[in-house]
Structures are given as C-alpha cells and as structure tokens.
Participant: 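One structure is given below, represented as structure tokens, and several questions about it will come after.
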Amino acid sequence: MTEFAKRVRIEIIRMLVKRGFGHLGGSMSIVEALSVLYNGEMNIDSKNPSWEERDYFVLSKGHAGPALYSTLALKGYFNKQLLLTLNEPHTKLPSHADRNQTPGVDMTTGSLGQGISAAAGIAKALKIQGKDNRVYCMVGDGELNEGQVYEAIMFANHHQLDNFVLLVDENKLQLDGYTRDICDQGDITRKIAAFGWHTLCVNGHDEAAIKSAFNEARETKNVPTCIVLDTVKAKGVDFLEGDTSNHHVRMDDKQKRLLLDLANKWEGELA
Amino acid sequence: MSIKLKKEFKPAKKEMRLAYNDTMVKLAKEDDRVVLLEADLMGSIKTSGFQKKFPERTINIGIMEQNMMGVAAGLNIRGMKPYIHSFAQFATRRAFDQLFLSLGYSDLNATIIGSDAGVSASHNGGTHMPFEDLGLVRLVPNMTVLEMSDPVMFEDVLTQLNDKNMLSYIRIVRKETLGVYEEGSTFEIGKGIVLKEGIDATIVASGMMVASALKASKTLEQEGINVSVIDMFTIKPIDKDLLEQYADKTGFILTCDNHNIIGGLGSAVLEALETHPVKVKRLGVKDRFGQVGPQDFLEEEYELTPQDIVKAVKENL
C-alpha cells in the first residue's frame, strides 16, 4: 500500500466510524485508482475545482463517495475536518457524490448507470470544443447490471472518444452477494472489447500497473479505453475482505474498535 | 408579450417540426454552444436541415433515451446548450430517472422537446400516446414546463429559452396544428394569455386545446354565454395571479387537457387555486390509456372536442 492510499484508507475508516455506518467495501476497493488519478494522472487544480482546463473524474458508482471525499480532502480541495461531517444534516458530503455540494466532485451520481453517460457527454463536448482535456469514469462491476452502461459504452465507441477512460472496479461483489451469483457478467474485459474499445485488465491495487494502463490509454487513438481493475472489496480491512455483506457496513462497538485500531496502526506506520 | 390572434381557424403555415428545425438553425448560427440531441427520430422531427448545416453539433445518439439525458448533462457541464427531442413518452416515461437526476437534481440545463402530445400521436397508438408526460415533468423541482399552441409560439419560446439557463420541457404536436397567433406575436414565459374576455366562465387551455377552447367560446357566444379564454402555455410555474383574477371575475374555471386529468394542466390549476374560492372542473382524458386511431376519432373518444367543452361549460354554469 502506498503512503497516499494508506492515508485515504485511514480517512475512510475515521469518517465511517464517526457515523457508525457506510459504504465501506466499494470505497476501499477503488483507493489505488483514485491515488493514481489524483497524484499526477489528472490535470487538476485543487484550489480551482471548476477550472476549465482540468481533466474530469466521474464516480459513476456514487456510493463510493467516502473514498472520493478522502482523496479530495487530502489533495487540498477542502479542509480534512469536513470529512467527519459525512451524512450529517446539511453536510457537504452526502452518502452519494453530489456536484452541487462538494468541491471537486464533477458529477452527481448515485442512481447507478447514469454517471457514465454524463462522463461520455463531457468527453463528447471536449471533442466538439477541440480541447485535449481527458475524462475518467469509474463504474462498479455490479453497476454493469444497468443497461444504460452499455448505451454509454456504444456511444463512446461510436464517437471515437479517445479522451475517455472507463475504469471498472471488478471487486466481484454487489449489495446482495457475488456478482456471478446475481447476474453473471462473464469476462468483462472481453465483453467491453467486443464493443470496439481498447481494453486491459490490471491488478487494481497495484499503482504502478494502473499508471502504466493510463499511459497505454493516452497512446490509444480513435477508440476509448477501458481498464478493468481486479480488486478486493473492502481491501485493507482483512476481517471484512471476502465478507459478502461488506457493501454497506453498520458497525457494532467491537467493529468500530477494530477499524480504529487498524487506522491507528497504519498511522503509526506512516509516522 | 405582444400577441395578435388569427381571425380564422386554419392549419398553421408551418408544421411544428419545421418550426423546430428552422428555429434551431437560426439559434445555432448565432450561438456555437447550441447542440441538437436526438434518439433516432430525426426523420420524424425532420431536422435533416439542421444536421446538414451543423453536422458537428448534431448528435443522433441512437435508440437510447436514458443515455441521451446523461450525455446532455455532460455537454452542459462543458457549457454547451443541449436541445433534446424525442416522442413525449420516451423523453419522460422512458428516461425519467435520468431526466430527474442527471439533469434536474444535478442542477444542469437542457431544453427537452416532447412531441406527439396526447391524442396527436394518433396512428402510433396507445403505446406512443403520452397522457402522463406533463404530470411527470411537473414533479421535477425547478423545471419549467411549457405546452405550445402553435408554431409561432414555439419559435418565439425556443428563441427565448436559448438565453435563459434553465431546464425546461416543451410539449408539442409534431406535425400540423391550427394557427392561433399571427406571425410576429411574442410571449412571456410564466404569464397566461387572455385571448377572450367574458364574465360567465373562464376556459383555461394549453396546446392544441387552445384552438378548441376558442372554437367552443364562439359557439357559446351564439347562445348568449360569454366566456374568457386563457392560453396557459406555461404550466409550471403557473400564472397564479391571473387564475385568481379570473376566478374572482367569472366564478367558474374549466380546464382543458389533451392529457390525463391527473397531473396535467387541470391539476396545476387546481393546485394554484387550492385556497381560493372558485369552482374548477377539469376536462381531459379520464385516467385512461391511449389507443390507435385518427385524431378526430380520438378527440371524440376522449371527449376533447369543442362540443365537449361547450357541454362542460353549460353543465357547470
């Protein structure tokens, strides 16, 4: 685990424990991807979140908001203290990502399947406007149940949106259990390749591998790129990894203690 | 607002779809942010003229209305002005959550045109007959909801909307309509238009029902009943002040909807007058599904004809 990824995981744990519940599994699985995106891959300015020349990130799996909020706070979009207001009345950090609430959030998401269309729309607008900004979008593997995802996949390929990178968080679990048991997606990489995309599959917890996949996407012309991230839901929290009910965790006191111990241990390692 | 009524009820010079194409060409020439979105109905709405002139700003998405709403949201994030068309039931029923969330809740702007309003879907039949679109879009907070009475109004309203950053839904008949307004008439979004003054009752209508209401008012006049007629083309936000004024003046309001009486103009009028003492009756489709047939047959079947309006006024005086 890189230092940044570790810091993001510490913040996720602290914000969820403060509230006592939240989307832990799918937040933890995308941390490395966010780390690479926000540490060099994306052209951004945390002091100017609405900067016209920025690259865009759309978290289509909007329930992973806590991972994005932690990343944004650590990158200086807003004060870290705000993280502890997650899901409080009038908070700027609601359970699902909201572009009108949180500095640095590019699109409102939470009804699955919708973020990818908006991301494709941003990418298309950039082509019409003759701009080189890039658009990144993260969907979950469970989210691939939504037919709209494939509408957007067809659209992005037809319009040759090579400024568009789709990340699929293949953590193999959705709310009710294993994706293969609920509606088997088969080989996601092959499936999306069949739509004409450039696709590759990497270890979603290996930042060097993710970085090199992004480089490959930059070199790919005329077609969009999909990077399937082979991930572990609740990655880093060993007693919840592989737990089929880790999508939304409601913690008892014992679990809270275990989670905080883990965060403190990581913090000790960083110091 | 400066309107002049036509003297006779004749088909308008242009079909509504031609008014759409021509206005959009004009707007796109002046404003490079205008972009037209379509879900494989360009042949039906006849926007090939626009496509020829602005191929880079014509996005025929394909048959995917849900994706179309999201793509529009993305385009607007980059400052573009999306105009979206589909048949009204696809633009609303089919893609409602996308319209609601990716555009409405996300505070993004687009102009959505829903065509083949109500019985004008005619031979496309019940599957394609939108009697619920106004009800759906009225439920989206901050959304402006409009129904066009003729092409003159449509051109003026489209032009005005291009300068207002808002999310709006415009319900239209796609092809031929009766002309209501003379060329050059202008309209004020949010204000009802009093087309005729009378003290016995007030008929409030929108869309194709405006011409029917005017026809009915002439028949009533011959029988000594003088009604006011209001074109309430802005259904949301509705002109409450004008409704209250005519409620006081005439004591009875009849609303006319080419839509289910649940959720449409009639409901909007009732909601606006909920604390105002006046009798309101709603003429419209009585909670039924659509069906196939020529428009005149359907107007009779769903009791939307000028004669039905005359009858409803007389029964309630």
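Throughout, a chain's letter reflects where its sequence line sits, starting with A, and its residues are numbered from 1. Only heavy atoms go into these numbers, but all of them, side chains included; no hydrogens, no water, no symmetry mates.
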Participant: Measure distances from B:Tyr105 to the heavy atoms of chain A and classify the residue's part below 4.5 Å as side chain, backbone, both or neither.
Facilitator: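 Its backbone and side chain both get close to chain A.
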Participant: Taking A:Ala119, A:Ser111, A:Ser50, A:Gly113 one by one, which has the highest count of heavy-atom pairs under 4.5 Å against chain B?
Facilitator: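 Top count of heavy-atom pairs under 4.5 Å with chain B: A:Ser111.
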Participant: Non-hydrogen atoms of chain B under 4.5 Å away: do they reach the side chain of A:Glu52, the backbone, both or neither?
Facilitator: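 Answer is both: backbone and side chain atoms of A:Glu52 are under 4.5 Å from chain B.
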Participant: Can you tell me if B:Phe289 has over 12 outside heavy atoms packed within less than 6.0 Å of its CZ?
Facilitator: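 At most 12 heavy atoms, drawn from other residues, nucleotides or ligands, come within 6.0 Å of this atom.
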Participant: Tell me, side chain or backbone of A:Asp106 under 4.5 Å from chain B's heavy atoms, or both, or neither?
Facilitator: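 Only the backbone of A:Asp106 comes within 4.5 Å of chain B.
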Participant: Please check if atom CG in A:Asp184 has more than 12 non-hydrogen atoms from other residues, nucleotides or ligands closer than 6.0 Å.
Facilitator: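 It does: A:Asp184 CG has more than 12 such atoms within range.
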Participant: Give a yes or no on whether B:Ile63 atom CD1 has more than 12 heavy-atom contacts from other residues, nucleotides or ligands under 6.0 Å away.
Facilitator: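 Not more than 12 within 6.0 Å, no.
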Participant: Do A:Met107 and B:Ser102 come close enough that some side-chain heavy atom pair is under 4.5 Å?
Facilitator: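 Yes. Closest side-chain heavy atoms under 4.5 Å.
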Participant: Could you measure the distance from the CG atom of A:Leu126 to the CE atom of B:Met80? Nearest 0.5 Å is fine.
Facilitator: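 Result: 10.0 Å between the selected atoms.
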Participant: Is it the case that more than 12 heavy atoms not belonging to A:Lys92 sit under 6.0 Å from its NZ atom?
Facilitator: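 12 or below, so no.
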Participant: Is B:Gln66 reaching over with its side chain to a backbone N or O of A:Glu151, donor-acceptor style, under 3.5 angstrom?
Facilitator: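 Such a contact is absent between B:Gln66 side chain and A:Glu151 backbone.
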Participant: Which residue out of B:Gly70, B:Gly79, B:Gly62 racks up the most heavy-atom pairs below 4.5 Å with chain A?
Facilitator: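 Among B:Gly70, B:Gly79, B:Gly62, the one with the most close pairs to chain A is B:Gly70.
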Participant: Counting heavy atoms not belonging to B:Lys191, are there more than 12 under 6.0 Å from its NZ?
Facilitator: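 12 or below, so no.
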Participant: For atom CG of B:Asn142, is the number of surrounding heavy atoms from other residues, nucleotides or ligands below 6.0 Å larger than 12?
Facilitator: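 Not more than 12 within 6.0 Å, no.
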Participant: Quick check on A:His90: does its NE2 atom have over 12 non-hydrogen neighbours (other residues, nucleotides or ligands) under 6.0 Å away?
Facilitator: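 Incorrect, the count does not exceed 12.
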Participant: To the closest 0.5 Å, what do you measure between OG (A:Ser117) and CD1 (B:Ile61)?
Facilitator: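 Between A:Ser117 OG and B:Ile61 CD1, I get 8.0 Å after rounding to 0.5 Å.
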Participant: Determine, step by step, whether B:Arg78 and A:Lys131 satisfy the side-chain contact (heavy atoms from CB on, under 4.5 Å) criterion, reporting the C-alpha distance in whole Å, the side-chain angles of both residues, the deciding distance to 0.1 Å, and the verdict.
Facilitator: CA-CA 11 Å; B:Arg78 282 295 305 177; A:Lys131 308 287 277 186; 3.8 Å; yes
Participant: Checking A:His158 against chain B: side chain, backbone, both or neither under 4.5 Å from a heavy atom?
Facilitator: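 Contact with chain B involves no heavy atom of A:His158 at all.
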Participant: Pick one of side chain, backbone, both or neither for A:Lys127, based on which atoms fall under 4.5 Å of a heavy atom in chain B.
Facilitator: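 Neither part.
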Participant: Is it the case that atom CZ in B:Arg288 sees more than 12 heavy atoms from other parts of the structure closer than 6.0 Å?
Facilitator: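 Check passes, neighbour count above 12.
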Participant: Within the 4.5 Å heavy-atom criterion, are A:Ile128 and B:Leu75 side-chain neighbours or not?
Facilitator: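 In contact.
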Participant: Could you name the residues of residues 36-59 of chain B that have a heavy atom within less than 4.5 Å of a heavy atom in chain A?
Facilitator: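 Hits under 4.5 Å: B:Glu56, B:Arg57, B:Ile59.
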Participant: Measure distances from A:Ala152 to the heavy atoms of chain B and classify the residue's part below 4.5 Å as side chain, backbone, both or neither.
Facilitator: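 Contact with chain B involves both backbone and side-chain atoms of A:Ala152.
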Participant: Provide the closest heavy-atom pair for B:Ser106 versus A:Thr108 in the form atom of the first, atom of the second, distance.
Facilitator: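 Scanning both residues, the minimum pair turns out to be OG-CB, 3.2 Å.
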Participant: Mind checking whether A:Arg99 and B:Leu108 have side chains closer than 4.5 Å, heavy atoms only?
Facilitator: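 In contact.
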Participant: Tell me, do A:Gln114 and B:Asp97 make a side-chain contact under 4.5 Å, heavy atoms counted?
Facilitator: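 When only atoms from C-beta onward are counted, B:Asp97 and A:Gln114 do touch, with a gap below 4.5 Å.
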